[in-house]
Student: 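My structure is below; once you've seen it, I'll send some questions.
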Amino acid sequence: MSKRIFDRLLIVTAALLALSCKPVLCASKADVEAQFESWVQNDLWPEAQRNGISERAFRASFAGVELNWSLTDLAPPGFPPPKEQKQTQAEFSSPAPYFNEDRLKRLAATGRDFASQYATVLKKIERTYGVPGSIVLAVWGRETGFGAAKIPNSAVEVLATKAFMSTRKEMFRTELLAALHIIDRGDATPAEFKGSSAGALGQPQFMPTSYLKYAVDFDGDGHPNIWTSVPDTLASIANFLGQKGWQRGRGWGYEVTIPDQVSCAQEGPDLAKPVSHWASLGVTRISGKAFPSDEGKASGMMLVPAGRDGPEFVVTPNFYVIKEYNNSDLYALYIGNLADRIAYGSGAFQGPWGDVGKMLRSDVAAMQKALEKKGYDVGGSDGLPGYKTRRSIGQWQEKNGMKPTCYPEASMIGRLK
């Protein structure tokens, strides 16, 4: 074979390889890193400059910053798109393990110690923001173990990685620009600017945009510091809850017993009634105590997070304020229970969690879609039974002559079609 023919074969072979090359083989991490450097300089910096961020702060923030490939939900350019997570095929978990008793006991004991140590600060915080110290301590304990949790990540690196190549780039780009504002105004140096693998900052785990709205200087040193200042951390949590609508003088709610003749399909913040209304139906506190007299005319909402197969509650609007911190009924119940342990020395919820949470999310999603077709508002068919799904199930059960349980059960699958 002549050299000329051989060279032509090499060129053709290379061309065919290029055409058949899969993205994961064509792109390398080095290629993506180079694109990231170009993006920082030619895309991000001009926008940061337009937003009033100084070049000094920008350069300091990105000194030594590289892409963090260990993060989740990444979609690197030139790589195959991430596979859609078929979460609806998985089982959703029983609520019971969420309330790990050993951990709650440890957090409560530590919380009581901090309640004593920071009593003066917490009283001042409650006067200023209206939020009880026990609630503030509970959030602090749940988020970062009262500041003991290690937060080793460079928040700029996490946010920049996700702004450049995550599945939610625009959201993280907004958070990254907010982070640069925080550094530029001198609240933290880039070395001090630590966050979680999701970009949440410091001991309260605020995203940067939340930091700019809610972080406060409570120790009087001239700037908010949610990384090492306990007064600033506690006051910032209280300010968040206060601005979200915390009602002074009210707690989060009460564990109750709901009589069998009272339908569980009355749940939800949009079905609020005076606490006296629930009492008139025979709903009683599980502790045996009466509802406080000043609560009678105040609004309360039924909450049955596991339907009839779990603890039952009448909650106040403050419960839904806690959910602004983390949009989960179980999270808000955890904070409420931990706060009560810190304030009153109480223990676990008395109502047992039943054998629930073992259905496939795909089956629950199918039930939600079937209920939607029948005209029920289930709050979306994501396979997770929120309060709209729970009460829709209860309403459907009542309409079809069944005793309402207000929670998805496998026996309903065949009938809900």
Student: What side-chain donor-acceptor pairs closer than 3.5 Å can you find for residues 326-338, not counting sequence neighbours?
Tutor:
from   : atom 1 : to     : atom 2 : distance (Å)
Ser328 : OG     : Leu330 : N      : 3.2
Ser328 : OG     : Tyr331 : N      : 3.1
Asp329 : OD1    : Lys323 : NZ     : 2.8
Asp329 : OD2    : Arg390 : NH2    : 3.0
Tyr331 : OH     : Glu143 : OE2    : 2.6
Tyr334 : OH     : Arg103 : NH1    : 3.3
Asn337 : OD1    : Arg341 : NE     : 2.7
Asn337 : OD1    : Arg341 : NH2    : 3.3
Asn337 : ND2    : Gly347 : O      : 3.0

Student: Assess the side chains of Asn68 and Thr161: does a donor N or O sit below 3.5 Å from an acceptor N or O?
Tutor: no
Student: With no hydrogens and no angle check, is any side-chain donor or acceptor of Arg285 less than 3.5 Å from a backbone partner on Val256?
Tutor: no
Student: When you measure from the side chain of Thr257 to the backbone of Ile286, do you find a donor-acceptor pair of N or O atoms at a distance under 3.5 Å?
Tutor: no
Student: Is the shortest side-chain heavy-atom distance between Cys264 and Ile258 below 4.5 Å?
Tutor: no
Student: Consider only side-chain N and O atoms of Gln203 and Thr144, and report whether a donor and an acceptor are under 3.5 Å apart.
Tutor: no
Student: Which heavy-atom pair separates Gly242 from Val131 by the least distance, and what is that distance?
Tutor: N-CG2, 4.0 Å
Student: How long is the straight-line distance from CG of Asp309 back to CD of Glu409, given to the nearest 0.5 Å?
Tutor: 7.0 Å
Student: If you take all heavy atoms of Phe291 and Val283, which pair is closest and at what distance?
Tutor: CE1-O, 3.6 Å
Student: Sub-3.5 Å donor-acceptor pair from the side chain of Gln205 to the main-chain atoms of Gly202, do we have one?
Tutor: yes
Student: Strictly distance-based, threshold 3.5 Å: is any side-chain N or O of Ser116 a donor or acceptor partner for the main-chain N or O of Arg112?
Tutor: no
Student: Partners of Lys244 by salt bridge (charged side-chain N to carboxylate O under 4.0 Å, His left out), sequence neighbours excluded?
Tutor: Glu324
Student: Does Asp377 have any salt bridge (charged side-chain N to carboxylate O under 4.0 Å, His left out) partners at least two apart in sequence or in another chain, and if so, which?
Tutor: Lys388
Student: For the residue pair Ala198 and Lys162, what are the closest heavy atoms and their distance?
Tutor: CA-CE, 4.4 Å
Student: Would you please name every residue forming a ring pair (Phe, Tyr, Trp, His ring centres under 6.0 Å) with Tyr325, sequence neighbours left out?
Tutor: Phe240
Student: Less than 4.5 Å apart, any side-chain heavy atom of Trp69 and any of Val32?
Tutor: yes
Student: Take Val364 and Leu384 through the test side-chain contact (heavy atoms from CB on, under 4.5 Å) and record every step on the way to the result.
Tutor: CA-CA 7 Å; Val364 177; Leu384 296 175; over 6 Å; no
Student: Output every pair passing salt bridge (Lys or Arg N to Asp or Glu O under 4.0 Å) with a member in residues 120-135, not counting sequence neighbours, ordered by first then second residue.
Tutor: none
Student: Return yes if a side-chain donor-acceptor contact under 3.5 Å exists between Ser28 and Asp31, otherwise no.
Tutor: yes
Student: Between Glu255 and Ser287, does any side-chain donor sit less than 3.5 Å from a side-chain acceptor?
Tutor: no
Student: Which residues pass the side-chain hydrogen bond (donor to acceptor under 3.5 Å, both in side chains) test with Gln397, not counting sequence neighbours?
Tutor: Thr405
Student: Does a donor on one side chain and an acceptor on the other come within less than 3.5 Å for Asn239 and Ser236?
Tutor: no
Student: Where do Gln368 and Asp382 land on the side-chain contact (heavy atoms from CB on, under 4.5 Å) test, with the steps shown first?
Tutor: CA-CA 8 Å; Gln368 290 170 322; Asp382 59 359; 3.6 Å; yes
Student: Which atom pair, heavy atoms only, marks the closest approach of Pro95 to Val356?
Tutor: CD-CG2, 3.8 Å
Student: Is the shortest heavy-atom distance from the side chain of Asp187 to the side chain of Phe193 under 4.5 Å?
Tutor: no
Student: Do Thr209 and Glu175 have side-chain N/O donor and acceptor atoms under 3.5 Å apart?
Tutor: yes
Student: Applying salt bridge (Lys or Arg N to Asp or Glu O under 4.0 Å) as the test, list every pair that has at least one member in residues 222-242; sequence neighbours left out.
Tutor: none
Student: Which residues pass the ring pair (Phe, Tyr, Trp, His ring centres under 6.0 Å) test with Trp246, sequence neighbours left out?
Tutor: none
Student: Thr228 vs Asn225, test: side chain to side chain donor-acceptor pair (under 3.5 Å). Steps then yes/no.
Tutor: CA-CA 6 Å; Thr228 60; Asn225 175 3; 2.6 Å; yes
Student: Nearest 0.5 Å please: distance from the NZ atom of Lys399 over to the OG atom of Ser392.
Tutor: 11.5 Å
Student: Report the C-alpha separation of Asp219 and Ser229 in whole Å, then their side-chain angles, then the decisive distance to 0.1 Å, and conclude whether the side chain to side chain donor-acceptor pair (under 3.5 Å) test is met.
Tutor: CA-CA 8 Å; Asp219 60 14; Ser229 169; 2.8 Å; yes
Student: Got a donor-acceptor contact below 3.5 angstrom from the Ser134 side chain to the Asp340 backbone?
Tutor: no
Student: Between Pro305 and Pro311, which heavy-atom pair has the shortest distance, and what is it?
Tutor: CD-O, 3.6 Å
Student: Quick one, Phe146 with Val230, criterion side-chain contact (heavy atoms from CB on, under 4.5 Å). Give me CA distance, side-chain angles, the key distance, then yes/no.
Tutor: CA-CA 9 Å; Phe146 305 104; Val230 172; over 6 Å; no
Student: Which is it for Phe313 and Val304 under the side-chain contact (heavy atoms from CB on, under 4.5 Å) test, yes or no, and what are the steps along the way?
Tutor: CA-CA 6 Å; Phe313 305 90; Val304 285; over 6 Å; no
Student: Is it true that a side-chain atom of Asn318 and a backbone atom of Val321 form a donor plus acceptor pair closer than 3.5 Å?
Tutor: no
Student: To the nearest 0.5 Å, how far apart are OH in Tyr129 and CD1 in Ile237?
Tutor: 12.0 Å
Student: If you look only at distance, which donor and acceptor atoms sit under 3.5 Å apart when one is on a side chain in residues 293-301 and the other is two or more places apart or in another chain?
Tutor:
from   : atom 1 : to     : atom 2 : distance (Å)
Glu295 : OE1    : Arg250 : NH2    : 2.9
Glu295 : OE1    : Tyr254 : OH     : 3.0
Glu295 : OE2    : Arg250 : NE     : 2.8
Glu295 : OE2    : Arg250 : NH2    : 3.4

Student: For Ala265 and Arg391, work out which heavy atoms get closest and say how close.
Tutor: CB-O, 3.7 Å
Student: Are the side chains of Leu303 and Glu267 in touch, meaning some heavy atoms are under 4.5 Å apart?
Tutor: yes
Student: Please enumerate all residues that pass ring pair (Phe, Tyr, Trp, His ring centres under 6.0 Å) together with Trp278, with sequence neighbours excluded.
Tutor: none
Student: Pairs of donor and acceptor atoms involving the side chains of residues 36-62, under 3.5 Å and at least two apart or interchain, shall be tabulated with distances.
Tutor:
from  : atom 1 : to     : atom 2 : distance (Å)
Ser38 : OG     : Asn42  : ND2    : 3.1
Trp39 : NE1    : Asp43  : OD2    : 3.3
Gln41 : OE1    : Arg59  : NH1    : 2.7
Asn42 : ND2    : Ser38  : O      : 3.3
Asp43 : OD1    : Arg173 : NH2    : 2.7
Glu47 : OE1    : Arg173 : NE     : 2.5
Glu47 : OE1    : Arg173 : NH2    : 2.6
Asn51 : ND2    : Glu47  : O      : 2.8
Ser54 : OG     : Ala57  : N      : 3.1
Ser54 : OG     : Asp184 : OD1    : 2.7
Glu55 : OE2    : Arg59  : NE     : 3.4
Arg56 : NH2    : Asp184 : OD1    : 3.4
Ser61 : OG     : Ala57  : O      : 2.7

Student: Holding to ring pair (Phe, Tyr, Trp, His ring centres under 6.0 Å), I want the full list of residues that pass it with Tyr211, two or more places apart in sequence or in another chain.
Tutor: Trp227
